[in-house]
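Reading through the structure tokens given below for one structure.
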2 protein chains.
Amino acid sequence: MKIDPDNPADLSAQIAAAIRDAIVDGTLIVDERLPSEAELSEQFEVSRPTVREALKRLAAQSLIRTQRGATGGAFVNRLSFEAAYPQQITTSTLLLSMNAVSFGTACEARYALERACAPLSADRRSADHLATMRAEIHRQGQPGLTDEAFCASDVAFHRALVDGAGNPVLSYQLAGAVEAMQPLMNMITFTARDRARIIALHTDIADAIEAQDGVATSAALTALEAETQTLAASVFASRAARS
Amino acid sequence: MKIDPDNPADLSAQIAAAIRDAIVDGTLIVDERLPSEAELSEQFEVSRPTVREALKRLAAQSLIRTQRGATGGAFVNRLSFEAAYPQQITTSTLLLSMNAVSFGTACEARYALERACAPLSADRRSADHLATMRAEIHRQGQPGLTDEAFCASDVAFHRALVDGAGNPVLSYQLAGAVEAMQPLMNMITFTARDRARIIALHTDIADAIEAQDGVATSAALTALEAETQTLAASVFASRAARS
DNA sequence: AATTTTCATATGTCTTACAATTAGTGTTTG
DNA sequence: CAAACACTAATTGTAAGACATATGAAAATT
């Protein structure tokens with residue numbers, strides 16, 4: 001594990017890359033303790049602050065954790081799906097907001113991915129997932145609900161649908177696509193009539209899931225996508241007209 | 001933008017979180033220059049190394065870039081899909097290898113997501129994407145190809161399929177699912193007969209895409225998934241028997 | 001034996017300093 | 001006058017040393 005002092009890249013970036021590679025290729029295994037900062041600075045022939053910057057880079061990616069004290073140090077993290085979620089969501093959100101991705105494109109991706117989960121979720125959903133979906137539908141019908149709370153409930157509903165597939169890899173990937181849409185959804189004002197239509201489609205989805213009918217679930221998702229796209233188009237059109 | 005000195009969390013983590021939040025909620029916009037390290041250390045009332053550790057955390061997530069020199073400093077990055085790919089792939093790969101995700105689960109997720117792209121890709125694929133797919137099929141038929149090269153070509157084929165949908169959000173999400181499978185696929189030994197079957201299915205997919213037949217594309221993907229699962233099951237079974 | 005104290009070790013933070021890079025500025029020179 | 005050049009100031013990159021703080025383990029004490 002060596003670094004090139006002539007490399008124009010920052011030493012801390014090089015050191016971080018070297019350690020990251022060691023983790024990815026299995027040279028460093030989960031829960032293994034890295035050498036202390038002082039030892040690393042000797043090994044790489046750099047100062048301790050430089051080593052620390054490298055370790056902070058890795059910590060930012062949840063690849064290591066640090067612990068103070070006598071038996072402390074930096075340890076290789078077991079990257080859990082739970083820990084990876086926030087990262088994935090932040091990145092997805094920024095990708096949408098910084099790259100002028102249209103609402104239509106993001107929405108299309110989201111529903112395409114959800115339809116991918118539909119047959120699996122219809123097949124495997126537990127009573128728990130179904131109950132969550134029904135509960136969120138009920139919440140969405142409550143009077144006095146703000147648009148933001150409505151959107152948050154919408155996200156919770158769809159995540160229950162996705163989690164119903166019982167595949168952590170799918171849940172992880174979908175989390176990014178679904179949650180990243182929330183800021184875009186929050187730009188929409190939902191009238192009572194809009195909400196009623198969405199709730200009706202949610203009910204269709206929940207019914208199809210309950211009946212373990214994957215095809216019907218997909219169809220209902222397609223209808224919901226169309227509804228969402230139409231709604232967004234009208235909102236953006238009226239907003240454009242006003243300005 | 002403040003931090004709490006009584007917070008048990010590292011100051012650099014708090015500072016990084018504060019700046020990240022400012023980027024996510026739009027307080028800091030793309031290409032905006034952050035205050036210099038010296039100014040930040042005054043604002044947050046910490047030392048420069050601490051500020052630097054915070055900035056390195058953000059740099060590790062591609063949220064900022066730094067530039068040396070007179071007009072240098074730290075700038076908010078436009079998070080591009082290209083820059084986010086490697087991150088997404090590394091994270092997905094580690095999630096699979098560190099969480100005892102079975103081959104079956106990962107494979108199921110991958111093909112479910114690919115099927116989500118199939119109708120869109122069949123509808124929109126350019127001649128370019130089709131040509132890439134045909135070229136990779138041809139490469140896969142070359143004699144003397146190593147298993148690793150075969151897998152790499154397989155990934156390239158599937159990425160062309162996904163990119164054909166012309167939806168960057170889908171391409172981004174799929175990159176993680178497809179690329180992260182590669183280490184798992186590399187554990188498989190492909191006999192000449194295995195390869196022939198896979199190539200035949202790839203050809204079916206390319207034909208369906210060329211005919212812009214989304215249903216046929218999905219069906220071919222389902223067949224390929226079944227083939228891959230069967231193949232993997234036999235490989236792992238014989239490996240288990242040997243040991 | 002249980003509790004407290006001490007101690008060694010490691011990370012967290014601060015201070016100061018210098019090196020390297022780079023845009024702008026001023027000066028010299030053709 | 002214009003162009004090349006040297007200088008300057010600002011900023012990040014790296015280094016070295018020190019102290020603060022947390023923490024587990026060993027030693028001392030009750």
Side-chain angles (χ1 to χ4, degrees), chain A residues 1-20 23 28 31-77, chain B residues 1-20 22-23 28 30-77:
Chain A
M1 215 154 67
K2 281 276 182 271
I3 56 173
D4 173 16
D6 296 336
N7 194 311
D10 293 359
L11 293 179
S12 69
Q14 291 183 57
I15 294 170
I19 297 175
R20 173 165 48 246
I23 294 174
L28 291 170
D31 290 336
E32 185 171 340
R33 183 180 174 282
L34 299 181
S36 72
E37 295 175 354
E39 288 169 322
L40 285 172
S41 61
E42 276 187 26
Q43 282 185 30
F44 287 111
E45 298 180 326
V46 299
S47 68
R48 213 187 121 205
T50 302
V51 166
R52 281 183 61 79
E53 288 178 7
L55 294 179
K56 294 313 164 197
R57 296 178 112 109
L58 298 172
Q61 299 174 284
S62 304
L63 293 180
I64 62 169
R65 62 180 182 278
T66 56
Q67 204 176 0
R68 294 173 70 164
T71 58
F75 299 84
V76 177
N77 238 343
Chain B
M1 215 154 70
K2 280 276 181 272
I3 56 173
D4 172 16
D6 296 335
N7 193 311
D10 293 358
L11 294 178
S12 69
Q14 290 183 58
I15 294 170
I19 297 176
R20 173 166 46 246
I23 294 175
L28 291 170
V30 167
D31 290 336
E32 185 170 340
R33 182 180 175 281
L34 299 181
S36 72
E37 296 175 353
E39 287 170 322
L40 285 172
S41 61
E42 275 188 27
Q43 282 186 29
F44 287 111
E45 298 179 327
V46 299
S47 67
R48 218 188 115 204
T50 301
V51 167
R52 283 182 60 79
E53 287 178 8
L55 294 179
K56 295 312 165 196
R57 295 178 112 109
L58 299 172
Q61 298 174 285
S62 305
L63 294 181
I64 61 168
R65 63 180 182 279
T66 54
Q67 205 174 1
R68 294 170 73 162
T71 59
F75 299 84
V76 177
N77 239 342

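Naming: A, B, ... by sequence-line order, numbering from 1 per chain.
- Comparing atom distances between the Thr71(B) side chain and each of dG12(C), dG24(D), dA23(C) picks out dA23(C) as nearest.
- Atom CD in Glu37(A) sits roughly 15 Å away from atom C1' in dG17(D) (whole-Å rounding).
- Distance, Glu39(A) CD to dT9(C) P: 11 Å, rounded to whole Å.
- Note on Arg48(B): every side-chain N or O is 4.0 Å or more away from OP1 and OP2 of dC14(C).
- Rounded to an integer number of Å, the gap from CG of Leu40(B) to C1' of dT12(D) is 12 Å.
- Atom CD of Glu32(B) has more than 12 neighbouring heavy atoms from other residues, nucleotides or ligands inside a 6.0 Å radius.
- Phosphate contact (OP1/OP2 of dT9(C), side-chain N/O of Ser36(A), threshold under 4.0 Å): absent.
- For dA15(D), one of the phosphate oxygens OP1 or OP2 lies less than 4.0 angstrom from a side-chain nitrogen or oxygen of Ser47(A).
- Note: NZ (Lys56(A)) to P (dG13(D)) measures 17 Å, nearest angstrom.
- Minimum heavy-atom separation, Thr50(B) to Ser12(B): O-CB, 3.6 Å.
- Under 3.5 Å, the side chain of Arg68(A) and the base of dT21(D) form at least one donor-acceptor pair of N or O atoms.
- No side-chain heavy atom of Ile64(A) sits under 4.5 Å from any side-chain heavy atom of Arg57(A).
- A straight line from CG of Leu11(A) to P of dC18(C) spans 20 Å, rounded to a whole angstrom.
- Rounded to whole Å, the distance from CG on Asp10(B) to P on dA10(C) is 18 Å.
- In this structure, the side chains of Asp10(B) and Glu53(B) stay at 4.5 Å or more apart for every pair of heavy atoms.
- Each of Gly69(A) and Ser12(A) was matched to the nucleotide of DNA chain D holding its nearest heavy atom; the match closer to the 5' end belongs to Ser12(A).
- In this structure, Phe75(A) places its CZ atom 11 Å from P of dA10(C), rounding to the nearest Å.
- For Thr66(A) and dA10(C), the shortest distance from a side-chain N or O to OP1 or OP2 is not below 4.0 Å.
- Comparing dT12(D), dT13(C), dT9(C) against the side chain of Ala70(A) picks out dT9(C) as the nearest.
- The nucleotide whose nearest atom lies closest to any side-chain atom of Glu53(A) is, among dG12(C), dT14(D), dA10(C), dT14(D).
- Positionally, the nearest nucleotide of DNA chain C for Gln67(A) lies more toward the 5' end than for the other of Pro49(A) and Gln67(A).
- Between Arg52(A) atom CZ and dG17(D) atom P there is a gap of 17 Å when expressed in whole angstrom units.
- Contact check for Leu55(B) versus Leu40(B): side-chain heavy atoms found under the 4.5 Å cut-off.
- Within the 4.0 angstrom heavy-atom criterion, no nucleotide atom of any strand lies near Arg65(B).
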